[in-house]
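Read the structure below first, then the notes.
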Number of protein chains: 2
Amino acid sequence: MRWDEIDSQVCSVARTLSMVGDRWTMLILRDCFLGVTRFTDFQKSLGITKHRLSDRLTKLVDSEILKKQVYDTNYGRYEYKLTKKGLEFYPVMMSLVAWGDKWATDEDGAPLEYIHKPCGNKMQVATQCNHCDEPVTAFTITPILGPGILEKAKRGELVDFDNQDIYKSIKQ
Amino acid sequence: MRWDEIDSQVCSVARTLSMVGDRWTMLILRDCFLGVTRFTDFQKSLGITKHRLSDRLTKLVDSEILKKQVYDTNYGRYEYKLTKKGLEFYPVMMSLVAWGDKWATDEDGAPLEYIHKPCGNKMQVATQCNHCDEPVTAFTITPILGPGILEKAKRGELVDFDNQDIYKSIKQ
DNA sequence: AATTAAGGTTCCATTATGGAACCATGAAAG
DNA sequence: CTTTCATGGTTCCATAATGGAACCTTAATT
């Protein structure tokens, strides 16, 4: 399977990664969440080549994760800003940060820290169950088939439905 | 900058993505969290070529995100299992799922649903402040320089420290 | 008139990836 | 006891993605 075919998979991770899962795109989004909006600033910050950046920004705009706006009409200059869809990617970004701060820093510690304005504390994100507020872990969750698969199976659209039996609940 | 140099950046997202940020690796981890452990099952599930899978699994083992264990000594067969470091990547994965379920599904809905065993509910993950339990959004957080940058700046190790002024607090 | 800045595009060499074929080990089938 | 099958790979080659440098366009500044 070629990478440009993975969005055909019935999987939210696969479909999400088809938009943001290549080299550079998530780093561009990181910069967006740090307030970077302009082509040149992305380039300085990332050290990405211009045509690659141009290509990635265009794709993010096509995916409606970023929007391109003129910010100086006389001058014809643009800024790239997060849409609602893009802004809601923030939990993914902060989860990456939390993991990286723990598992991918040197002895100096976290490069950035985050103040949660409403409570004023230095914050780390906690990923919790929206019902009981307990932290989620891989061992406390059972995945079950959802409508996105079951409805298609009913209509006979899932060629590889047999593959589903590869997936088992994960065990300690 | 080439991709294999991004782990030199003082940024938790960049360093994390240097391990898992290429095509395929996060999809392999998704499968790990769904209980897939064997070479052939990864291949069936993902449709990835064997040498690419082999390369990715080796890199994940080198990063200590997966461990390779013999599960049948007579037969000489292996399974790839998440380490503690790997298991703690779960919040990233579930945040991706949550985003994808909202922004990257068709009209049928979510492909998989998740039962939170302790409370028995169908769950979605909520990403919250670990102090006040409020949901975090990009607009309620102010990033500040942390020790990972400040200590290096003190020691004069940050060549591109000027670039920091590209980053502003994000505004609505 | 020349230089600078923003925001790109074009060209080409290098690197990564996909597809197919092949290989080694041990088990099972005939 | 020879063939076939399953697992878990590696090798080879053509195609696709990426990096680096040069160039382009518009408008402002020196």
Side-chain angles (χ1 to χ4, degrees), chain A residues 1-9 17-28 31 36-62 66-81 162-163 165-166, chain B residues 1-9 14 17-28 31-32 36-62 66-81 162-163 165-166:
Chain A
M1 184 184 295
R2 291 199 320 278
W3 180 258
D4 58 12
E5 296 167 333
I6 65 154
D7 64 343
S8 69
Q9 289 192 21
L17 292 176
S18 77
M19 291 183 244
V20 302
D22 59 277
R23 299 199 192 319
W24 296 119
T25 297
M26 284 215 214
L27 282 180
I28 291 172
D31 273 12
V36 177
T37 59
R38 288 161 61 172
F39 192 91
T40 312
D41 286 342
F42 284 113
Q43 226 217 315
K44 272 188 220 154
S45 165
L46 297 171
I48 186 179
T49 57
K50 287 172 156 198
H51 58 331
R52 207 96 317 271
L53 177 59
S54 177
D55 176 69
R56 290 299 186 266
L57 288 171
T58 303
K59 281 184 179 155
L60 283 167
V61 171
D62 289 346
L66 297 183
K67 54 192 169 188
K68 184 177 184 175
Q69 296 178 329
V70 174
Y71 78 91
D72 181 338
T73 343
N74 305 339
Y75 220 74
R77 305 258 156 101
Y78 302 102
E79 57 183 358
Y80 294 89
K81 301 193 75 173
D162 296 344
N163 265 354
D165 63 11
I166 296 175
Chain B
M1 183 184 295
R2 292 199 320 278
W3 181 258
D4 57 14
E5 297 167 332
I6 65 154
D7 64 345
S8 69
Q9 290 193 21
L17 292 176
S18 76
M19 291 183 244
V20 301
D22 59 278
R23 300 198 192 321
W24 297 118
T25 296
M26 284 214 213
L27 281 180
I28 291 171
D31 274 11
C32 291
V36 176
T37 59
R38 287 161 62 171
F39 192 91
T40 311
D41 286 343
F42 284 114
Q43 226 217 315
K44 271 187 221 154
S45 165
L46 296 170
I48 185 178
T49 57
K50 288 172 155 197
H51 58 331
R52 207 98 316 271
L53 176 59
S54 177
D55 175 69
R56 291 298 186 267
L57 287 171
T58 303
K59 282 184 178 156
L60 283 167
V61 170
D62 289 346
L66 297 183
K67 55 192 169 188
K68 184 176 183 175
Q69 296 179 330
V70 174
Y71 79 90
D72 182 338
T73 343
N74 305 340
Y75 220 73
R77 304 259 156 101
Y78 302 103
E79 58 184 357
Y80 294 88
K81 299 194 75 173
D162 297 345
N163 264 354
D165 64 10
I166 295 175

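Chain letters run A, B, ... following the sequence lines, proteins first and then strands; every chain starts at 1.
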Expected output: side-chain B/Thr25 to main-chain B/Asp22 donor-acceptor under 3.5 Å: no
Whole angstrom value for the distance that separates [atom2] of [N] from [atom1] of [X]:
X: B/Glu5; N: C/dA16; atom1: CD; atom2: C1'; result: 16 Å
X: B/Asp22; N: D/dA16; atom1: CG; atom2: C1'; result: 16 Å
X: A/Leu53; N: C/dA6; atom1: CG; atom2: P; result: 14 Å
X: B/His51; N: D/dC12; atom1: NE2; atom2: P; result: 12 Å
X: B/Glu79; N: D/dT7; atom1: CD; atom2: C1'; result: 14 Å
X: A/Met1; N: C/dG19; atom1: CE; atom2: C1'; result: 14 Å
X: A/Ile48; N: C/dG7; atom1: CD1; atom2: C1'; result: 14 Å
X: B/Gln43; N: D/dA6; atom1: CD; atom2: C1'; result: 13 Å

A/Lys44 side, atom NZ; A/Arg38 side, atom CZ - distance, nearest 0.5 Å: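 The CZ atom of A/Arg38 is 8.0 Å from NZ of A/Lys44, to the nearest 0.5 Å.
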Rounded distance (nearest 0.5 Å) linking atom CD1 of B/Ile6 with atom CH2 of A/Trp24: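 Nearest 0.5 Å value for the CD1-CH2 distance: 6.5 Å.
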Short N-O contact, A/Asp55 and A/Arg52, less than 4.0 angstrom: yes
Are [X] and [N] close enough that a side-chain N or O sits under 4.0 Å from OP1 or OP2?
X: A/Thr40; N: C/dG7; answer: yes
X: B/Thr49; N: C/dA20; answer: no
X: A/Arg38; N: C/dA5; answer: no
X: B/Arg56; N: C/dT17; answer: yes
X: B/Ser54; N: D/dT10; answer: yes
X: A/Trp24; N: D/dG19; answer: yes
X: B/Lys59; N: C/dA16; answer: no
X: B/Arg52; N: C/dT17; answer: yes
X: A/Tyr80; N: C/dG8; answer: yes
X: B/Lys44; N: D/dT7; answer: no

A/Lys68 side chain reached by A/Leu60 side chain, heavy atoms, under 4.5 Å: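 They are not in side-chain contact.
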A/Phe42 and its side chain to side chain contact (heavy atoms under 4.5 Å, CB included) partner, picked from A/Ile48, A/Leu57, A/Leu27: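 Exactly one option meets the side chain to side chain contact (heavy atoms under 4.5 Å, CB included) with A/Phe42, and it is A/Leu57.
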Closest to the A/Lys50 side chain, choosing from D/dT18, C/dG8, D/dG9: C/dG8
Position toward the 5' end of DNA chain C (nearest nucleotide), A/Lys68 or A/Arg23: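 That would be A/Lys68.
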First encountered from the 5' end of DNA chain C, between B/Arg2 and A/Trp3: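 The answer here is B/Arg2.
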